[in-house]
Protein chains: 4
Amino acid sequence: MTADPARRNERSRRAILTAALDLLGETGYADLTIEAIAARAGVGKQTIYRWWRKKGAIILEALVDAMAAAEAVALPDTGDLAADLRTVMRATVAEFADPKLSATTRAITIETLGDESLGVQVRDQLLRPQLDAVKDRLRAGRDAGQVRDGVDLDQAVELLFGPLYHRWLLRTGPLTDDYADGIVELAVAAIRPDRK
Amino acid sequence: MTADPARRNERSRRAILTAALDLLGETGYADLTIEAIAARAGVGKQTIYRWWRKKGAIILEALVDAMAAAEAVALPDTGDLAADLRTVMRATVAEFADPKLSATTRAITIETLGDESLGVQVRDQLLRPQLDAVKDRLRAGRDAGQVRDGVDLDQAVELLFGPLYHRWLLRTGPLTDDYADGIVELAVAAIRPDRK
Amino acid sequence: MTADPARRNERSRRAILTAALDLLGETGYADLTIEAIAARAGVGKQTIYRWWRKKGAIILEALVDAMAAAEAVALPDTGDLAADLRTVMRATVAEFADPKLSATTRAITIETLGDESLGVQVRDQLLRPQLDAVKDRLRAGRDAGQVRDGVDLDQAVELLFGPLYHRWLLRTGPLTDDYADGIVELAVAAIRPDRK
Amino acid sequence: MTADPARRNERSRRAILTAALDLLGETGYADLTIEAIAARAGVGKQTIYRWWRKKGAIILEALVDAMAAAEAVALPDTGDLAADLRTVMRATVAEFADPKLSATTRAITIETLGDESLGVQVRDQLLRPQLDAVKDRLRAGRDAGQVRDGVDLDQAVELLFGPLYHRWLLRTGPLTDDYADGIVELAVAAIRPDRK
DNA sequence: GAATAAACGAGACGGTACGTCGTGTCTTCAT
DNA sequence: ATGAAGACACGACGTACCGTCTCGTTTATTC
C-alpha cells in the first residue's frame with residue numbers, strides 16, 4: 001500500500017528538491033505550485049504526492065538537505081562573548097539580506113504559519129540546531145563568569161534572535177550590522193553578572 | 001475608470017469586513033476565499049475586487065477599523081517601569097493565546113510575508129501605534145532616570161516584542177506570563193543605567 | 001411608474017440605434033452588448049433598459065427606422081414576370097453578400113430564434129412588407145394569365161425566398177446571381193399555367 | 001500540450017453529450033451554460049473545455065452521435081416521386097413540430113449563425129447526408145424520366161427544403177402536412193419534363 | 001536471464017476558486 | 001426632474017491548480 005523507500009528514485013528526489021528551491025528563488029512563492037515543481041523537475045505529479053504530503057514538506061526537506069551538506073553548526077569561542085555573538089548575529093543579518101535565502105525563509109515561514117505539525121518539524125530540524133549552538137556558547141560564557149547565574153539561557157537566546165526576526169518580519173527598520181551589534185550589546189548587558 | 005469612493009456603499013463595506021473576520025475566526029485562513037467572503041457578506045465578488053486588490057488588504061482594513069473603534073492606545077505610567085512593561089507584555093501574550101485573535105494575526109502575517117506593500121501598511125497602521133506607545137513609556141522612563149542615556153529606544157522596544165513574536169512564530173517554547181515577565185526583567189536589566 | 005414616451009429624448013434614441021448598428025457592423029454580434037451600446041452612444045444603461053426590454057428590440061427598431069427612411073417597397077412590373085422576380089431575387093442576394101447588411105440580418109435572426117415575440121414583430125414589421133410586395137407582383141401575374149389559378153401565392157413566395165435563406169443560413173452553396181436566376185426559373189415553371 | 005484522444009474518458013464524453021441534449025430539451029437554449037452541462041454530467045468544466053472549443057461543438061457532436069446511432073438515411077423509392085418526396089417533407093415538418101427536436105435545431109442554428117467554421121461542420125456532417133438522400137431520389141427520378149434534363153438537382157433540393165426552413169425560421173405561416181404537400185406539388189411541377 | 005512488481009512520466013479526471021465580464025436594477029450627482 | 005455615470009447582486013465565463021486516478025514504460029529486484 002505504502003510506498004517503499006528502498007525503491008525510491010534518488011534522481012527524481014533531487015530533481016524535485018532542486019526545482020522547488022530554484023522556483024522559489026526565481027519567481028517567488030506565488031509560482032511555487034506542485035505542478036510547476038513537477039514540470040520543472042521533469043517528474044510526474046504523483047511522484048511528488050507519493051513522498052510528500054504538503055508543499056511545505058518539500059521545502060523543509062530541501063533545506064534540511066542543504067544544511068546537512070554544510071558543515072556542522074558551531075559558534076566560535078574566542079573568549080570574547082560579545083564578539084562571538086556579533087559574529088553569529090551579523091551572519092543572520094546577512095542571511096536575511098540575501099534575496100534568495102530570504103525568499104526561502106519567507107516561504108517556509110508562511111507554510112509554518114499555516115501548518116502546526118510542519119512548524120514543529122521546522123523548529124526541531126532547522127532552527128533548534130542553530131539556537132542550541134548559541135545556547136552552548138552562552139553556557140560556556142556562564143561557566144567563564146560572563147553570564148549571571150539566574151539567567152534562563154533560552155530566554156537569552158531569544159533576546160538575541162527575537163529582535164532580528166521581528167525587524168525582518170515586520171519591517172520595522174533596517175536590518176544592518178549596526179543593528180545586530182546594538183542588540184548584542186543590549187543582550188550582553190541584560191545577562192552579565194551584577195556589578196558589586 | 002477607477003472606482004469613486006464617494007459612491008461607495010458603506011453597508012456592503014461593513015458586511016465584507018465583518019464576514020472576513022468572522023470566517024477567519026470560524027474556519028481559519030484556509031477557508032478565507034474571496035468567494036466565501038462575498039457569499040457570507042451577501043455581496044457580489046466584483047464589489048470586493050472593486051475596492052480591494054488583495055485578500056490581505058481586506059483583513060488589514062478590518063483590523064484598522066476595529067482598532068480605530070477601540071480607544072487610543074496608551075500604556076499606563078505607574079512610575080514602575082518594569083511593572084508597566086509587564087502589563088503590556090502580558091496583554092500581548094494573552095492576545096497570542098486567544099485562538100481568534102491569533103488566527104487574525106497569523107493571517108495578516110502570512111499576507112504580509114507575501115506582499116511587500118501590504119507589509120508596509122500593516123507596519124504603519126497597525127503596529128507602529130502599539131510600538132510607539134511602548135517607546136513613549138520608555139522615553140518617560142529615561143526622563144525619570146530609569147533608562148541609560150545611550151540606549152536606542154527602537155532597539156529596546158524590539159528587545160521586548162522580538163522574543164515574544166519569535167516564540168509565537170517559531171513555537172520555540174510556551175508563551176506564558178512567566179515568559180513575558182522574564183523577558184521584561186532581562187530587557188530592563190539591559191537598559192538600566194550603569195551602577196556606580 | 002412606466003416611462004412616458006412624450007418625455008423621451010429623441011437625441012438619445014437615435015444615438016442608441018446608431019451605436020447598435022455601428023457596433024454590429026464593426027465588431028460583430030459578439031461585441032454587441034448593452035454596455036457597449038450605452039458606452040458608444042454616450043448614454044446611461046438605464047436609458048436603454050427604460051425603452052427596450054431586449055437587445056433584439058433595439059436592432060429591430062433600428063432596422064424599422066432605416067426601412068421607413070427608404071422609399072416604399074414595390075416591385076417593378078415590366079410585364080415580364082420572370083424578369084421582375086430576377087430583379088428582386090438578385091437584390092436579395094446582394095443584400096446577403098454585403099458583410100454589413102448580412103451581419104445585421106444574422107444578428108436579428110439569432111435574436112428571433114431565441115425570442116418568440118420578437119420573431120413575430122420581425123416578421124410583421126420587417127419581412128411582411130417585402131414578401132407582400134412580391135406576392136402583389138405574383139397576383140398581378142396571375143391576373144395577366146402567367147400564373148396558374150390554383151397556386152397558393154404565399155407558398156409561391158416562399159418557393160422563391162426559401163431557397164435563398166436556406167443557402168445563406170446553411171451555407172449549402174454559393175449565393176450568386178446565377179443561383180437567383182435558377183431559382184426564379186424553377187419557381188416560374190412551378191406556377192405557370194398548364195400547357196394544353 | 002494538446003489533449004490525447006487515446007486517453008479520453010468515454011464515460012465522461014457520453015455524460016456530457018447526454019447532459020447537453022437533456023438541458024436543451026428541458027430548459028431551453030438560454031440555460032445551456034457550460035457550467036450547467038458540467039454540473040448535470042457530473043464532470044469538471046475543464047473536461048469540457050479540454051475537448052470542445054465552443055458550446056455549439058458539443059451539440060453538434062451530440063447530434064452527429066445520435067445520427068450515427070440511427071440507421072442510414074435513405075429515401076423510399078416507390079416509383080412515385082411526388083409521394084416519396086411528400087414522405088420526407090412531412091417527416092421534416094414533424095421534426096420542426098416536435099418541441100424537443102425543434103429546440104435542438106434552433107440551438108445549433110444559433111451557434112451556426114455566430115460561427116462560420118461550426119456552420120461548415122454542421123452542413124457537412126448533419127445536413128449533407130439528408131440533402132444528398134433527397135438528391136439521390138431526384139436523380140433516380142430523372143433516370144425514370146420524371147425530371148427534366150436541364151434541372152440543377154441541388155437547386156431542386158433547396159426548392160423543397162428552403163420553404164420549410166423559411167417558414168419555421170421566420171414564422172411566416174403554419175408548418176403543416178398540407179404545406180409540405182403543397183410545396184412538393186409546386187416543386188414537382190417545377191422540375192417535371194415539358195409537356196409536348 | 002526472465003518474470004514481475006513497484007516506481008515512474010505523463011496527463012486526464014472531478015473539483016474549487018480565481019479574477020473578469022455582462023446583466024438588469026438601483027443610487028447619486030450634475031444640468 | 002432628467003439622464004449620464006456607475007455601483008450593486010448575480011451568475012457564467014474560461015483558467016489554474018488541487019489531489020486522485022489511470023495509463024503505458026522503465027527499473028530492479030526476486031526466482
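In what follows, chains carry the letters A, B, and so on, assigned in the order in which the sequence lines appear, proteins first and then strands, with residues in each chain numbered from 1.
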Inset, instruction - For A:W52, report the nucleic acid contact type (base, sugar-phosphate, nothing); a contact means any heavy atom under 4.0 Å. - result: nothing
Inset, instruction - Answer with yes or no whether the side chains of A:S117 and A:D115 bring together a donor and an acceptor at under 3.5 Å. - result: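 Distance-only check passes for A:D115 and A:S117.
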Legend entry - D:R50 and D:D4 ion-paired at < 4.0 Å: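 Salt bridge absent between D:R50 and D:D4.
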Look at the side chain of [X] against the base of [N] and say whether a donor-acceptor pair falls under 3.5 Å; ignore hydrogens and angles.
X	N	value
D:K45	E:dG15	no
A:Q46	E:dC8	no
A:R7	F:dT29	no

d([atom1], [X]; [atom2], [N]) in whole Å:
X	N	atom1	atom2	value
A:W51	E:dG9	CH2	P	12 Å
A:E35	E:dT16	CD	C1'	14 Å
A:E10	E:dC8	CD	P	11 Å
D:I48	F:dC13	CD1	P	9 Å
A:R50	E:dG9	CZ	C1'	10 Å
A:I34	F:dC21	CD1	P	17 Å
C:K55	E:dT23	NZ	C1'	10 Å
C:I16	F:dA4	CD1	C1'	11 Å

Legend entry - Nearest-nucleotide comparison on DNA chain E, the residue closer to the 5′ end among B:Y49 and C:D31: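 Result: B:Y49.
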Inset, instruction - On DNA chain E, check which nucleotide each of C:R53 and B:A36 is closest to and give me the residue with the more 5' one. - result: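 This one resolves to B:A36.
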Inset, instruction - For residues C:I34 and C:I58, determine if any side-chain heavy atom of one lies less than 4.5 Å from a side-chain heavy atom of the other. - result: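 Counting from C-beta outward, C:I34 and C:I58 do come under 4.5 Å.
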Legend entry - Heavy-atom check, side chain of B:L118 versus side chain of B:K54, under 4.5 Å: no
[X] side-chain N/O to [N] phosphate OP1/OP2 under 4.0 Å:
X	N	result
C:S12	F:dA4	yes
D:T33	F:dG11	no
B:R8	F:dA7	no
B:T47	F:dA7	no

Inset, instruction - Ignoring hydrogens and angles, tell me if any N or O in the side chain of B:R123 forms a donor-acceptor pair with the backbone of A:R171 under 3.5 Å. - result: yes
Legend entry - Most 5' of A:L32 and B:D4 on DNA chain F, judged by nearest nucleotide: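 First, find each residue's nearest nucleotide; the 5'-ward one identifies B:D4.
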